[in-house]
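A quick write-up on the structure given underneath.
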Amino acid sequence: MKKYLRYLGPLLVTGIFVLAVYLLYHKLKSYSIEEIRDSAERISHARILLSILLMAVNYIILVGYDWLALKAIHKTLPLSRVGLVSFVGQAVSYNFGALLGGTSVRYRFYSSWGFTIPEIVRLVLMLAVTFWMGALGLCGLIFLISPPVIPDELLAKMPMTDVRILGAILLLVACSYLILCCLVRKPVHIFGKEFVFPSPRIAFAQALVAGLDLIAAAACMYVLLPPDMGISFVDFLPSYLMAQVAVVLTHIPGGVGIFELVIIHLTHTTEVQTVFAAVLLFRLIYFILPLILAALLLAVYEICQRRDVLRDAGRWLSVLSHSISAYMTFAAGVLLLARSLWPAGGMGLLPDMAEHMPEALVAAGQLMTALAGAALLFVAYGLERRQARAFQLAATFLCLGGVGTLLYGFSWLTAGMVGVVLLTICLARRRFYRSSFFWDERLPTNWLVAALGVLALGMSAGWALHHAGWHKADFLGTTTPGMAVRVALNFVAILVGLLCSWAWRTLRRNRRSLDKRI
């Protein structure tokens, strides 16, 4: 029975994810991809720059999480190391989830600095406590001061109709933690585990840092919304807080589907496509950009190490090269898949060059982009296993993906991001030395679910964005195939490639098993 229970968590998360995508599709099915693209292009450069600035401020505030957690467990580290582990840990956690990426990254950092496993567990626990202190306290305060408008269908299912009562309860829970930190100074044993409350000064600092973090993150997205929507920041803040809480509770990597659904549902606007476009841009600024900067940080370290600069100070970072390379490669696969779903062009930053290129070349570039993205989702696991052949495959597919995006209407921005990932893994080349091959091994359930989930999401997104174009394209005739047909053919090619490679893998494993018996 126990061996089946371990699959319950991933199945539950997958079910929630599929439900969220289905509900999000129903919210957006009446809008075309051109309308969403136009909404994104209407966001001014000034608001984008302001959002990037708020993102930088927010990530500086996030350093306080690790700093206070270290103080709570009576450990000290230089501020440079605390800033590094906070930045890399948060960037990975936001994109891949705390359980899948953030916690493992912090474990690798802190264990290499001599921290014991109990100390790391206590530190990670304090990080979670800090977040919930800020989320519950800020939600309670907002609900009391400026109660948000809850949709009638959601309010009907709540045990109370007055949101201020819920706010008082949430604020009371947050204040109870502060009171316990002031009164209880001895270790408390809960379920056989010892828990020590931090000092009152640290507890109040936790509430302040977490509150500032959530306000700055909400402001980072709020500035991307059109000013004429009539939504004040105080009205938007509860929606953002609820979306973040939903993401944390569901454990879906990056909160894909959940975050968008909650924001759209609670924003109370008829301009759904405008809010969705703002969320997409927010993901690029707040999630993808820091992840790329984390990869650049690793690349700079590798360059400095080869030049014998900062070798002693940065030796501890080398243990993370393969893991960060794996996460970056997985993210590059997601990016390439997403790019293959979007119409050809320079993403609004350059004139659309697709119309000046042969249709066959554009279609070939789109197919290369999609296939390379799908392959990278699985190859990334081999990098986590430090395998040489996985490095060769990753470099090959990254090159193919970069070339494909350039053929696909000269999408130089996507090609540049893929190039950064390629540079990162090439500089960490010596970390991949194992002769084994990941495709001959048993892939972990979490990695397999994540890869297949991304493919399923891509297929769903392709259908949601382009299904209206099926009747406009002559699939078997001589007319130029539209986006709907091209996207469908791309995913058919991906599924055929995946089935063929899986059959080849099964044959190889059966042959090895037969050889061992003989």
Side-chain angles (χ1 to χ4, degrees), residues 33-34 36-37 40-41 280 284 288 292 295 328-380 391-426 454-455 457-459 461-463 465-466 469-470 472-475 477-498 500-501:
I33 190 171
E34 287 77 15
I36 297 173
R37 185 178 183 177
E41 291 176 348
L280 291 180
L284 178 63
I288 304 300
I292 294 174
M328 289 300 303
T329 301
F330 190 94
V334 176
L335 179 64
L336 289 173
L337 271 177
R339 184 65 193 96
S340 70
L341 299 176
W342 200 260
M347 303 281 295
L349 300 177
L350 283 178
D352 192 352
M353 299 182 63
E355 59 185 19
H356 304 296
M357 300 174 67
E359 183 68 28
L361 199 60
V362 173
Q366 186 180 12
L367 178 61
M368 287 174 59
T369 302
L371 290 175
L376 289 173
L377 300 177
F378 299 92
V379 173
F391 165 77
Q392 296 168 358
L393 287 174
T396 300
F397 285 120
L398 285 170
C399 289
L400 289 175
V403 173
T405 56
L406 293 177
L407 293 177
Y408 190 42
F410 198 67
S411 304
W412 66 271
L413 182 60
T414 307
M417 293 180 180
V418 172
V420 169
V421 179
L422 179 61
L423 176 63
T424 300
I425 68 170
C426 286
V454 169
L455 291 178
L457 176 62
M459 294 176 66
W463 168 258
L465 294 172
H466 304 295
W470 272 100
K472 299 178 182 179
D474 186 357
F475 185 47
T478 58
T479 56
T480 301
M483 275 293 295
V485 174
R486 289 211 305 259
V487 169
L489 290 176
N490 290 345
F491 276 101
V492 168
I494 290 173
L495 291 177
V496 170
L498 186 60
C500 290
S501 59

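Owing to the predicted nature of the structure, the values given are computational and were not obtained by experimental measurement.
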> Any idea which heavy atoms bring Gly404 and Thr369 closest together, and the distance?
Replying inline: C-OG1, 3.2 Å
> Sequence neighbours excluded, which residues qualify as side-chain contact (heavy atoms from CB on, under 4.5 Å) partners of Ala338?
Replying inline: none
> For Phe391, which residues count as a ring pair (Phe, Tyr, Trp, His ring centres under 6.0 Å) partner, sequence neighbours excluded?
Replying inline: Phe432
> What is the minimum heavy-atom distance between Thr405 and Arg339, and which atoms define it?
Replying inline: CG2-CG, 4.4 Å
>> Would you compute the distance between atom CZ of Phe378 and atom CG of Leu393 and round it to the nearest 0.5 angstrom?
In response: 13.5 Å
> Which atom names give the shortest non-hydrogen contact between Ala415 and Gly402, and what distance separates them?
Replying inline: CB-O, 4.0 Å
>> Among residues at least two apart in sequence or on other chains, which ones pass side-chain contact (heavy atoms from CB on, under 4.5 Å) with Ala493?
In response: Leu367, Leu371
> With side chains defined as the heavy atoms from C-beta onward, is the minimum distance between Phe330 and Val454 less than 4.5 Å?
Replying inline: yes
> Considering only heavy atoms from C-beta outward, does the side chain of Leu284 approach that of Met417 to under 4.5 Å?
Replying inline: yes
> For Ala370 and Ile494, which heavy atoms make the closest approach, and how far apart are they?
Replying inline: O-CD1, 3.7 Å
> Listed by chain and number, what are the side-chain contact (heavy atoms from CB on, under 4.5 Å) partners of Ser501, not counting sequence neighbours?
Replying inline: Trp439, Leu498
> Among all residues two or more places apart in sequence or in another chain, which pass the side-chain contact (heavy atoms from CB on, under 4.5 Å) test with Leu398?
Replying inline: Ala332, Leu376, Val418, Val421, Leu422, Ile425
> To the nearest 0.5 Å, what is the distance between CD1 (Ile292) and CG (Leu335)?
Replying inline: 7.0 Å
> Hey, what do you get for CE (Met459) to CG (Leu337), rounding to the nearest 0.5 Å?
Replying inline: 11.0 Å
> Measuring from Gln366:CD to Leu361:CG, what's the distance to the nearest 0.5 Å?
Replying inline: 12.0 Å
> Taking all atoms of both residues into account, what is the closest heavy-atom pair of Gly373 and Leu336, and its distance?
Replying inline: CA-CB, 3.7 Å
> Do you know the tightest heavy-atom contact between Val379 and Ala394?
Replying inline: CG1-N, 3.6 Å
> Between atom CG of Asn490 and atom CG of Leu341, what is the distance when rounded to the nearest 0.5 Å?
Replying inline: 8.5 Å
> Could you give the distance from CZ (Arg486) to CZ (Phe491), rounded to the nearest 0.5 Å?
Replying inline: 13.5 Å
